[in-house]
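Notes follow the structure.
Reminder, nothing fancy here: chain letters follow the sequence lines and each chain counts from 1. All values below come from the heavy atoms of this structure, side chains included, with hydrogens, waters and symmetry mates left out. As the structure is a computational prediction, the values presented were derived from the model and not from experiment.
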Amino acid sequence: MLEIRFHGRGGQGALTAARILASAFWKEKKYVLVLPEFKSERRSAPILVGLRVDENPIILRSAIYAPDYLIILDASLIRFKQARVLEGFKRESGLIILNAVQDLKYPIGLAGCRAGIADVDFITQKYGLGQKALPAVGTAMLGVFAKITNLLNLESIIEATEESDELPKKGNNIKAVKESFERAKMIEFPASDKLTETEIPPAGIIFQDFKELPGSVISLSGTAKNLTGAWRKIRPYYQNKTSPCQNACPLGNDIPYWLSLLKQGKNRQAWEKLMEKNPFPAVTGRVCRAFCEKSCNRNEFDESVSIRNLEKFLGDEASARGWHPPVLEKKFKPFNIAVVGSGPAGLSCAYQLARKNFRVIVFEQFPVLGGQLRFGIPEFRLPKDVLEKEINNIIYLGVKVCKGIFVDQKFFETIKRYYDAVFFAAGLQKSRKLNIEGEENPDVLYGLDFLKNINFGNKAISSTFLGEKVVIIGGGNTAIDAARTAKRFGSEVSIFYRRTKIEMPAIKEDVILAEKEGIEIRELLSPVRIFSKSGQNFLECQRNQPGKSAESSRNNPLPIEGSNFLEQFDNLIVAVGEEAENSFFVESEDWKVFLGGDIKTKAGTVPAAIGSGREAAEKIEKILLGEPPLETKDPQIVKFSDLNPVYFNKNQKREPASRSEAKRCFSCGVCDFCGNCWKFCPHMAVSEKQGELKINYDYCKGCGICAQECPRSAISQKLEE
Amino acid sequence: MEKILEKFRKVMHANEAAAWGAVRSKVQVISAYPITPQTTVAEKLADFVAKGYLKAVYKHTESEASAAALIMAASRVGARAFTATSSQGLWLMAEQIYSAGLRRLPLVLVNVNRTLGPSWNILASHEDSLALRDIPWLQFYAADAQEVFDSIIIGYKIAEQIYSPVMVNLDGFYLSHASEAIEISSQDSVDNFLPGYKPLYPVDFEKPLVYEPSIGDDYLTEFRYILTENLEKKAKEAAKKAHFEFQEIFGRKYEAIETYKMEKAKIAIIALGSVAGTIKSAIENLDGVGLIRIRMFKPFPKEELMESLRGVETIAVIDRDMQKIVWREIRGAFYAEQKPKLLSFPAGLGGRDVSPRRVLEIIERTKKDPVRAEFDPEPIWIDLKETNGGGNNFDPAKHPAVQISASKENILKEIPGEEYISAGEFSCQGCGMMIASRFILKGLGKRTFELRPACCGSVVNGRFPNCASLYPLQNVCFEEAAAEASGARAGFDALEIEDVNVLAFAGDGGTYDIGLQALSGAAERNDDIIFVCYDNEAYMNTGVQRSSSTPFGAWSSTTPDLKSQPKKDIMAIMAAHKIPYAATASIAYPEDLLEKIRKAKEIKGFKFILVFSSCPPGWKFSTEKTIEVARLAVETRIWPLYEIFNGEDYKASEMPKKRIVEQYLKIQGRFSHLKEEDIVSIQKNTDKNWLKLEKLFKLFQE
């Protein structure tokens, strides 16, 4: 008589499989008896089912105590003493049929045993049998049994499977049986003790001494010793992911983190978190193009969170309350670092290094700090006192400043010699030209120079500095700033842009403001030549039509032949980008020279400059301290479809942006302690201690509710090993 | 269809064999109530009826008493009727089946033997049917699945000949869930053996009869005499004849007792049921040891036993109960005869395995035991650990109460952090009921005494000696949660203990169906208790059988062709009782649930809270969707959240934005077979119900 014992979890199909195997043997003229040995076990709890097979009628009906074959549906059961998997198994003569991967890591107690194995979890999942958390492997295991034991034909199993009236998805089960048969391999576990891991003892209180039993059946002491974590197939774990706003932010601003603090009313902490990556929140809160808001998942729900306004709110609150960023590391670091240029990139780099207690000196060619922030952006967009306060915060950290020093090639070589590292971010100071006929006309001005003159309060500029009719060429921030500044001189201003309005790289809100202020924006126009005739200036323009471009999301305009026309102007302001004034600098880690700002990024945006400063500071820190560079992983970006939006209410932006607006933030991918995981865990496996949520893997059964009900995709799941 | 009628052989469990027995007996009315482990008999029959294997009226009742009553009347009007039950279920039927014997209704009832509770055990013992030894029925005990099938057919043959009911017993799990190859005889051959049923006194509208009117002492004795004659002499004759005829037709031989190696036996083991096979294999090679298996226990086959036991010196009776009932019967039979050594071995209780080793141990003990001439020797408990009598050594100090720990310190201030249920409980992954239970206890706090009837909650809470509930909880019978809660309150009142919440926590079976009578009673008395029903819309504990809470269109294991009746409106029933507080709640909105529990705690009188508790295995959705399903139920207005004060004032709870019911239905496997028109009709009914509620809400506002 053969004795076979199935070990599985409730829901894996052990009983059904035993019945199918019995039917298959019976088809081959054997007598069979299936003996389930379970009580009221629930889904996923360990269960066992016996099967006797004999040539003669079977009269023995007691349980199976010394099985010849073990069919183990779930290898993780072996370690659990209460699952009784190896109990009485005939180790020497017997054979195990095991659902496991080929390179099984823990053959736990199987030393010296022979086993037929196949990754039946994989096979059944492929055919959609059972649930992800609990694949229904029972029937497919019979394929492995047939192949390895050779006790019966695969056809008998397939026929018995077909005839089963308990089995759903018969077709797929049969496919799985066949595939398991194909993939089954025989392995022998070495007879080494090293492979034998400790067993997990039986759960709960066991009365060793029955003399102590109470007089009637009363339960005691809870079930804490019953480690239901053994039921788990899929493990949930807290994992913060990258929000699309943070991913889109050129300076890598930890937006959901500081918003989450702001939500809780912890404004100071929120500001400090914000300041970790951005020392200029009040500035970027005014002048950033807010890529974050464009990528905000809330756009797919109602409208984006006013991230930039919230940044401004925190920045302004900090300066109103006189908050200063703390120095992070007490220990002084004996390195001198030179920063060339006090624009957003240079100051960002100086700030990061000073916070880490490096000695930093900033060289600035002008007598004032701020670079582009100061002279490239008009007062009405960025009041000078706002800028001043944030710059002061940086200086406050102990940054030394050398103003009015232009770093030419010679001086640069000197700096290289005397400093441990150099960060070069002198910016792009030279306006790009149109390179068309007649550009040398004195009434043609350049955007950046124009703004610089005004911002520096150049005395040559009077209210009659500009003529009546001003045409601006370009679509970036400089173009809009120049146009709005020109408008303030009382001129009639139009912007000529070669693409369409929506494609303008300038901040959308500023474009709208410009139009509100009466500035005309004319789309799809390219300048061809400039000339003067009878004391009047003319710009010849060509009309474009939107072209298609495969590489870029923006259209490449196509000129329309013969569409040229003339436009009279008094002043023409060219704002089509800037370039560097000199090019003697080369980035080299060996010389410890790093580049940043527009020179490096060419992005022409404040956040990109700030980001480049921080990145360089990180590199400098690592190199100087001899630490390995930070590993960059591909960010896992949270999509709207990853969220559980039922926990969010639809509501429009709140003005002015403050805590209530912050509460609109989904906190994509970032745990904000909403407590849903704790609230909805049916198995008391989530707890909070000292402000930290924890999953207790001793009890977590792996149902997945926590991950499903996490509104913000801050819980991930993986298969248990 | 043709093939179904032919003889065939197949590997099946004894529950299926029982269902086939009913099919071949062409039973015309079937009733069933989900009691484990007979439930697969009912499920198989539901399936066979749905598939057309059997033309019968199938009724799923709300309690065991009704299951028995239903087939009794069916039998009275002339239909061959059948039911199956088990342990608690049999006892719930006790009054009915006693009366069935008196009424001489030739029913066949399959009883799956298992232990009585609470404590729930659900495994094999014979105490359920043996303790009902004296009801006016015949009792058979089968040893394998083939015998189960055959005994049902033989049962009807005998029953319909002598007009007395027959109980066919089979061991829980050892037979009910064990599978083996058996032969299902052809329909023709069974028809040949078992002609149609004619009632003893048919219902006739021309010559009307009144059945079982009341009776005085002038006649009762005579009727009782007639009945005993029938149950003894006539029954034995009929059984003999039926067994003989059965063998003629089917070739399988049965007698009142089965003997094995009794010819030269000095020691005889006597047992009932499935353990016989194990005993045979254990004594196969032992000289002088034989086995008698009593197949027909009632009427007791005294003559056959005496005959077989001639020359036997020692008899070892295996009693699968604690009262040595079989031993007593045998002792009674021997009273006037020779007096061999007669020992009782209580064994195999609550599913404890009787292995060949234990059988040999019994034989050894039998040999060693001094000759016991006394009339009533102590039973010899086999495989018994020493308990040192009566729990006198139990020291509660050695088992200190578990400290209730806060799993949460300060995230959600509005929800208490204390957990009154220990992790490590035994619920299925993603169990909705556990979430309901957690929040109810959070709302009530530790001074709560809970009465919990048979339901998922009573099983997943844990097994002796470890249970998850960290507050006092009494497990009670299925139908009496409310009555026991009333009793607990009465007790506390009598003792003048005031600051205690008395909670009844029942599933929908224990509320809508079998628990309804006690619930209605307690509600009408306005007893100061909180009755919480965690509604998972079917009998989940026993394998997803329909309840009156199962919604229209849902699959269940006893409605394979989907339920065609609407869900019972229990809230309207409770409102009709004019109780101070009734409310619906959902696990997807725990704050709302908590608020309602707190309200219930403050209100004096009877409180009823109905909590929607989604069930992943029963409703066929994957475990992580428990909350999503519950939330969709509320959003679609399938499960509106509201309160009813004093049975009249309806108040809506905060409701989310409305969605269409399809979104709720399509994520659950139990609704996957719904057709377009079914969904339309569900939407219509949901809208209608919501409209009605909205009108009631308005009424309250005015």
Once you measure the plane-to-plane angle for A:Trp231 and B:Phe426, does it fall in the parallel (<30°), tilted (30-60°) or perpendicular (>60°) bin?
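Ring orientation of A:Trp231 relative to B:Phe426: tilted.
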
B:Cys615 side, atom SG; A:Arg43 side, atom CZ - distance, nearest 0.5 Å:
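One gets 8.0 Å once the value is rounded to the nearest 0.5 Å.
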
From CG (A:Asn644) to CD1 (B:Ile627), nearest 0.5 Å
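Rounded to the nearest 0.5 Å, the CG-CD1 separation comes out at 10.5 Å.
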
If you count the non-hydrogen atoms of other residues, nucleotides and ligands that lie under 6.0 Å from CZ in B:Arg9, is the total more than 12?
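Counting neighbours around CZ of B:Arg9, more than 12 heavy atoms of other residues, nucleotides or ligands fall under 6.0 Å, so yes.
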
Regarding [X] and [Y], is there a side-chain donor-to-acceptor distance under 3.5 Å anywhere?
X	Y	result
A:Arg42	B:Asn541	yes
A:Ser44	B:Gln429	yes
A:Ser62	B:Thr278	no
A:Arg61	B:Ser274	no

B:Lys10/A:Asp165 under salt bridge (charged side-chain N to carboxylate O under 4.0 Å, His left out): CA gap, chis, key distance, verdict:
CA-CA 12 Å; B:Lys10 196 186 154 202; A:Asp165 41 19; 3.3 Å; yes

Looking at chain A, which one of [options] has the largest number of heavy-atom pairs inside 4.5 Å, strictly under?
options	value
B:Pro356, B:Ala145, B:Ser427	B:Ser427
B:Gly430, B:Ala276, B:Pro118, B:Ala143	B:Gly430
B:Cys456, B:Ser469, B:Pro616	B:Cys456
B:Ser119, B:Ser281, B:Ala178, B:Cys467	B:Cys467

Looking at B:Arg438 and A:Lys679, would you say the former's side chain and the latter's main chain have a donor-acceptor pair under 3.5 Å?
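Side chain of B:Arg438 to backbone of A:Lys679: a pair is present.
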
Would you mind reporting whether B:Ser422 and A:Tyr699 have side-chain heavy atoms less than 4.5 Å apart?
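A side-chain contact is absent here, since even the closest heavy-atom pair is not under 4.5 Å.
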
Between A:Glu709 and B:Arg631, does a salt bridge (charged side-chain N to carboxylate O under 4.0 Å, His left out) hold up when you go through it step by step?
CA-CA 11 Å; A:Glu709 295 309 316; B:Arg631 186 171 49 233; 2.7 Å; yes

Do you know which two heavy atoms are closest between A:Trp26 and B:Val11, and how far apart they sit?
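Closest heavy-atom pair between A:Trp26 and B:Val11: CB-CG2, 3.7 Å.
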
Heavy-atom pair with the smallest gap, counting every atom of B:Glu628 and A:Gln708:
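Answer, listing the atom of B:Glu628 first, then A:Gln708: OE1-NE2, 2.6 Å.
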
Salt-bridge test for A:Arg52 and B:Glu180: reply yes if a basic N is under 4.0 Å from a carboxylate O, no otherwise.
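A salt bridge is absent here (no side-chain N lies under 4.0 Å from a carboxylate O).
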
